[in-house]
Amino acid sequence: MNIETQAPAAAVTASQYLTFTLGEEVFGMDIRTVREIIQHGAMTPVPLMPAFVRGVINLRGAVVPVIDLHARFGRPPAGVTKKTCVVIFDAVREGERVELGLQVDAVSAVIDIPAAQIEPPPNFGTAVRREFIHGMGKVGERFVIVLDADRAFDVEEMAGLCESSQLALAA
């Protein structure tokens with residue numbers, strides 16, 4: 001094969017990821033699931049929710065729950081800065097599309113990461129549950145933690161955690 005036929009094949013296997021930061025770590029999620037990015041604003045807290053549910057926002061008349069990724073990943077809840085954003089993305093619950101918001105420290109960029117540059121998640125040493133990680137994308141000298149959105153933001157699991165929180169407080 002010559003170089004001209006190899007380049008298009010490489011482009012086909014590359015995927016685009018929205019990158020964002022949580023503290024010093026850089027994460028990425030498949031851009032195809034992202035609907036929009038909005039500035040952090042007024043949020044309505046919802047009683048009896050687990051710590052990772054910051055509240056809900058009104059997005060053009062729709063109620064959208066906002067998940068604090070710091071808290072979802074078992075860290076203390078995030079503070080809000082000038083760069084704090086909410087990434088609105090599509091999740092699936094019982095076969096239906098559900099919009100969720102992810103509160104992140106800052107949005108970085110949309111980048112291409114070829115599939116060949118994504119390594120399996122490490123067996124240890126990450127601050128995020130291993131099953132939440134699709135892989136480690138090599139970008140230059142750094143790594144981007146590529147999230148498996150279906151697992152990290154599993155609506156069924158999060159709904160179960162919300163119900164558990166409510167039952168524990170009611171007991």
Side-chain angles (χ1 to χ4, degrees), residues 16-110 121-122 124-137 143-171:
Q16 290 190 315
Y17 297 91
L18 174 69
T19 58
F20 54 86
T21 58
L22 294 179
E24 298 297 316
E25 296 170 307
V26 179
F27 292 85
M29 66 186 294
D30 189 330
I31 192 68
R32 294 174 295 184
T33 64
V34 176
R35 307 242 323 148
E36 63 185 291
I37 301 162
I38 60 175
Q39 190 173 16
H40 188 276
M43 209 172 295
T44 304
V46 179
L48 305 177
M49 289 289 128
F52 66 82
V53 179
R54 280 301 270 248
V56 295
I57 58 172
N58 180 345
L59 186 65
R60 292 181 292 285
V63 176
V64 177
V66 176
I67 298 164
D68 178 339
L69 280 190
H70 282 278
R72 174 70 174 140
F73 294 159
R75 304 170 182 174
V80 176
T81 68
K82 291 179 185 177
K83 293 184 177 184
T84 302
C85 296
V86 176
V87 177
I88 307 296
F89 80 104
D90 289 332
V92 177
R93 181 176 188 191
E94 298 173 358
E96 292 189 30
R97 184 181 62 79
V98 177
E99 286 183 331
L100 291 177
L102 303 176
Q103 179 180 313
V104 301
D105 291 346
V107 170
S108 302
V110 174
F124 62 90
T126 64
V128 178
R129 286 178 24 197
R130 188 173 193 273
E131 64 267 21
F132 290 174
I133 302 173
H134 170 71
M136 304 297 290
F143 282 99
V144 172
I145 302 168
V146 179
L147 295 173
D148 182 335
D150 290 338
R151 291 186 178 173
F153 315 117
D154 182 332
V155 177
E156 297 299 325
E157 178 194 358
M158 291 188 296
L161 291 171
C162 291
E163 291 170 9
S164 296
S165 292
Q166 292 171 354
L167 290 174
L169 291 172

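On a predicted model such as this, the values are computed, not experimentally measured, just so you know.
- One finds the CD atom of Glu25 at 10.0 Å from the CG atom of Asp105 (value rounded to the nearest 0.5 Å).
- When all heavy atoms of Val107 and Val104 are compared, the pair lying nearest together is CG2-CG2, 4.1 Å.
- Between Phe20 and Leu69 the shortest side-chain heavy-atom distance falls below 4.5 Å.
- Under a 4.0 Å N-O distance rule, the pair Arg60/Glu99 does not qualify as a salt bridge.
- Side-chain contact between Phe153 and Thr33: absent, with no pair of heavy atoms (C-beta onward) separated by less than 4.5 Å.
- Glu36 places a side-chain heavy atom less than 4.5 Å from the side chain of Leu59.
- Nearest heavy atom pair, residue Val64 against residue Gly101, reads CG1-N, 3.7 Å.
- Considering only heavy atoms from C-beta on, Val144 stays 4.5 Å or farther from Tyr17 through its side chain.
- Looking at every heavy atom in both residues, Arg151 comes nearest to Arg72 through O-NH2, 4.0 Å.
- In this structure, Ile37 and Cys85 approach most closely via the heavy-atom pair CG2-CB, 4.0 Å.
- Contact annotation: the side chain of His134 never approaches that of Asp30 to less than 4.5 Å [non-hydrogen atoms, C-beta and beyond].
- Of the inter-residue distances, the one linking Thr21 atom OG1 with Phe27 atom CZ reads 9.5 Å to the nearest 0.5 angstrom.
- For the pair Met43 and Val80, the minimum side-chain heavy-atom distance is 4.5 Å or more.
- The shortest non-hydrogen separation linking Ala78 to Gln103 is CB-NE2, 3.8 Å.
- Side-chain atoms of Ile88 and Ile57, non-hydrogen and from C-beta on, do get closer than 4.5 Å to each other.
- Among all heavy-atom pairs drawn from Val46 and Met49, the shortest one is O-CG, 3.4 Å.
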For this session: Using the side-chain contact (heavy atoms from CB on, under 4.5 Å) rule, take Arg35 and Asp90 through it: C-alpha gap first, then chi angles, then the decisive distance, then the call.
Result: CA-CA 7 Å; Arg35 307 242 323 148; Asp90 289 332; 2.8 Å; yes

For this session: Verify side-chain contact (heavy atoms from CB on, under 4.5 Å) between His40 and Val66, making sure each step is shown before the conclusion.
Result: CA-CA 10 Å; His40 188 276; Val66 176; over 6 Å; no

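- Thr19 contributes no side-chain N or O that, together with a main-chain N or O of Gly28, makes up a donor-acceptor pair within less than 3.5 Å.
- The closest side-chain heavy-atom distance from Phe132 to Ile145 is not below 4.5 Å.
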